[in-house]
Amino acid sequence: MFFRSFGLLLLAAAAQASILTLKSPRFVVSDSIGTQLRAEPISLEHRTASPVKLGGRDTLKLTFQVVEKEDGKGVQPHQTFLRFYDEVTGEEGIQPIRVASNGKAKFDLNPSKPPLSLPPTPKTASGEVNPLQLTLLIGSPEHEPLSIRLFDLVLPPSQPAPVHPDEIKFHLQEELFHTFRPDQKVPNKFISLVFSGIALAPWVVLLGLWSQVAPAPTNLLSPFILPFILSLGAFETLLFTYWVKLKLFDVLLYGAGLGLVTIFTGRQALASISAQRKD
Amino acid sequence: MFSIRRWCLLALSVASLLCADAKSSTGDSVLVVVDPKNQDQYSTFFEGLKDGGYDLTFRSPKAEGPVVIEDDAPNFAHVILLAPEARNLGKDITPQSIVQLLSRKTNVIVALPTKQSPLHSLAAEFSLILPPPNTPLISYFPKRDTPSTLIPIKIEDHSSPALTKHIEPVWFSGIPASLGSNPLLVPILRAPSESFASETTVTSGSADAVADSVERGGEGLWAGSSLSLVTGFQATNGARITFVGGAEIFSDELAQKETERHRQSGNAAFSREVAAWTFQENLVLRIDKVEHHPVNATEPNEQYTNNDQVVFSTYISKWNPTKGKWEPYSGLKDLQLEFTMLDPFIRTSLPPVRGAPGKYSTSFRAPDRHGVFKFVVDYKRKGWTSLESSTTVPVVPPRHDGYPRFLSAAWPYYTGAISTSVAFFLFSTIWLAGEVNERKRSKGSKAE
């Protein structure tokens with residue numbers, strides 16, 4: 001209901017709506033001393049082709065007058081905004097321009113004292129700064145809205161926009177890898193083999209001497225001797241197995257049983273030997 | 001007799017299945033706080049919710065009940081506060097109780113008033129910075145015959161993660177909010193870039209007032225496409241709250257109004273989408289289970305040893321609102337797994353497994369540092385339920401018998417030890433079994 005009545009009111013206003021235009025719009029870029037570096041009128045039909053570059057101490061001055069197209073009367077519209085838009089990052093800044101009641105307006109932009117509304121212009125990966133698109137937006141209840149694309153503006157680089165510390169968790173994060181310690185260095189296998197050979201070398205001496213002495217194990221199969229020799233062999237095997245796979249308590253258990261047997265067989269064997277040697 | 005009753009029951013259950021075309025993952029009961037005078041204005045929105053299977057309870061802002069929280073438990077799964085012009089929404093509906101509702105996993109839709117109200121301080125708690133009172137959103141673009149405060153807004157597809165389908169342009173009337181940098185915010189509807197918040201010229205707005213507002217400093221001017229008109233916020237516990245700049249967007253009048261000639265506005269579809277996101281129908285995920293085990297095994301280890309190759313898998317389901325049940329979901333392309341001890345040691349992608357719906361799996365080598373590690377899946381994306389899972393597992397150095405047994409570097413030691421043993425055995429054998437006679441004995445003594 002509210003909308004409808006209000007709409008009717010506005011419809012009445014729209015009937016007399018006229019078209020707004022800009023009179024003598026132009027921009028001037030000057031350096032810190034005041035020397036004009038670039039001064040051009042702005043065309044309303046097509047935007048200025050080459051982007052406007054602004055150094056850290058330069059000033060951009062924009063002047064125009066908002067007038068009604070029909071009678072050239074100056075107008076102070078409700079909305080006169082300069083929109084800075086970075087197409088790549090989507091950052092946007094809106095700066096209202098103060099227009100006098102006769103429609104005259106001027107706007108100064110000094111990058112050393114940037115207005116709060118200016119979007120951040122950080123350096124991109126290529127070291128360049130993305131140009132900002134400048135658009136003039138003029139809106140008024142009694143007139144047709146006007147949107148004029150002015151030119152592209154290249155500002156000196158600034159700090160990037162602040163980011164919430166948790167923001168990073170809402171995107172794909174960088175992969176991390178653990179750096180492992182390098183594998184232990186092992187000497188060449190050939191060297192190991194040579195030294196194993198040296199460790200085995202006394203056998204040559206031993207076997208050589210044995211061939212000279214050659215005591216033959218004639219009593220090996222004697223029922224008193226064989227069990228002791230077998231139980232000694234079992235002990236050696238148990239210790240070898242311990243080293244390869246058994247646990248200490250297993251070894252103690254098996255060793256205790258084997259020890260009892262060995263004591264018994266040892267007594268038998270030694271007794272039989274001493275009996276033989278007494279003869 | 002009995003069989004007839006059973007048939008009736010069966011028919012009823014089938015009918016209820018057919019009716020329920022969209023269901024929330026957290027419940028169907030909805031409390032709507034709305035002025036009974038205005039209730040008819042939103043009938044399209046309410047009918048849409050009822051068709052979706054929701055059970056709507058209406059309450060006047062002046063009424064005492066039904067209360068939202070009773071005995072410390074929420075009475076409704078969802079709450080819609082659609083009475084922006086009311087000075088008070090009720091004794092038990094305060095900014096504090098709305099925060100309590102969220103912490104108890106109740107979803108809330110809040111329509112914000114243009115005038116000053118307690119809801120402004122609530123919005124501020126959710127990083128929404130609202131313009132001063134009585135400054136609605138205004139746009140003179142495009143030229144049209146509606147008031148400047150009633151704005152048609154085009155919605156680009158995929159402009160917000162919360163909107164899952166194409167929506168025709170919508171009408172909006174209300175206030176904008178500028179958003180803080182809080183990543184839990186999900187802007188659903190952005191303001192047009194030509195729009196701004198101001199008093200209308202019909203009241204006392206003027207060009208000078210707009211220019212002054214910036215020069216005064218502070219928050220400056222609410223203008224441009226960085227403003228949000230409908231803003232979602234997903235709390236860390238998964239509950240969702242949506243702030244709507246004006247209740248009119250849900251109204252029948254705007255739902256039937258044409259944005260262009262013979263083209264009905266998208267308000268009805270948009271309202272349904274806002275409700276679908278807020279009431280956790282859309283973009284709702286959960287982790288069903290996680291599992292880990294060494295490569296070439298199926299059972300998990302109590303602990304892992306340095307350098308073990310470990311397999312980690314997780315099963316993820318997505319809520320299907322049309323069927324009203326959880327379904328395995330393999331559509332996440334950017335899931336990541338972290339293996340952390342205080343800091344992540346390993347962060348790797350957790351890709352979906354082909355042929356196993358809902359399963360995501362990866363394998364990696366356990367780091368050569370020992371300590372208490374965690375498998376962490378922490379998936380946060382705007383608009384989606386956040387997935388969090390943490391499984392603690394110790395990583396230990398190898399046991400005393402866990403090292404390799406036959407190092408090539410130690411071959412000389414092995415041969416030395418083994419040859420000593422063999423020599424001892426041989427000597428014992430010869431000594432025990434050797435022939436004992438005079439000749440040998442004398443020879444033996446010579447050898448000594």
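Note: hydrogens, waters and symmetry copies are ignored here, and every other heavy atom, side chains too, is used. Keep in mind that what you see is a predicted model, and the values were worked out from it rather than measured. Within every chain, numbering begins at 1; the chains are lettered A, B, ... in the order of the sequence lines, protein sequences first and strands thereafter.
Proximity to chain B (any heavy atom under 4.5 Å) is shown, for A:Leu193, by both the backbone and the side chain. Heavy-atom distances place the side chain of A:Leu200, and not its backbone, under 4.5 Å from chain B. For A:Leu146, the part lying near chain B is the backbone, with the side chain staying farther off; criterion is any non-hydrogen pair under 4.5 Å. Contacts of A:Ser147 with chain B are made by both backbone and side-chain atoms, with heavy-atom separations under 4.5 Å. Contacts between A:Phe235 and chain B at a heavy-atom distance below 4.5 Å are absent for every atom of the residue. Proximity to chain B (any heavy atom under 4.5 Å) is restricted, for A:Ile225, to the side chain, taken from C-beta onward. Interface residue A:Pro77: only backbone heavy atoms are found under 4.5 Å from chain B. Both the backbone and the side chain of B:Ser225 come within less than 4.5 Å of a heavy atom in chain A. In this structure, the portions of B:Ser349 lying under 4.5 Å from any heavy atom of chain A include both its backbone and its side chain.
Side-chain atoms of A:Gln79 come within 3.5 Å of backbone atoms of B:Glu194 as a donor-acceptor pair (strictly under, hydrogens ignored). Not a single donor-acceptor pair under 3.5 Å links the side chain of B:Ser421 to the backbone N or O of A:Glu236.
Ranked by heavy-atom pairs shorter than 4.5 Å toward chain A, the options B:Asp368, B:Thr415, B:Asp334 are led by B:Asp368.
Contact detail for A:His78 and B:Ser198: the closest heavy-atom pair is NE2-OG, 3.3 Å. Between B:Gln336 and A:Glu175 the shortest heavy-atom distance is NE2-CG, 4.4 Å. When all heavy atoms of A:Phe180 and B:Ala366 are compared, the pair lying nearest together is CE2-O, 3.2 Å.
Heavy-atom neighbours of chain B within the stretch residues 241-249 of chain A, taken at a separation under 4.5 angstrom, comprise A:Trp243, A:Val244, A:Lys247. For a heavy-atom cut-off of 4.5 Å, chain B lies close to A:Phe81, A:Arg83 in residues 80-88 of chain A.
Between A:Arg181 atom CZ and B:Asn307 atom CG the span is 8.0 Å, to the nearest 0.5 Å. Once rounded to the nearest 0.5 Å, the distance linking CG of A:Leu172 with OH of B:Tyr379 reads 9.0 Å.
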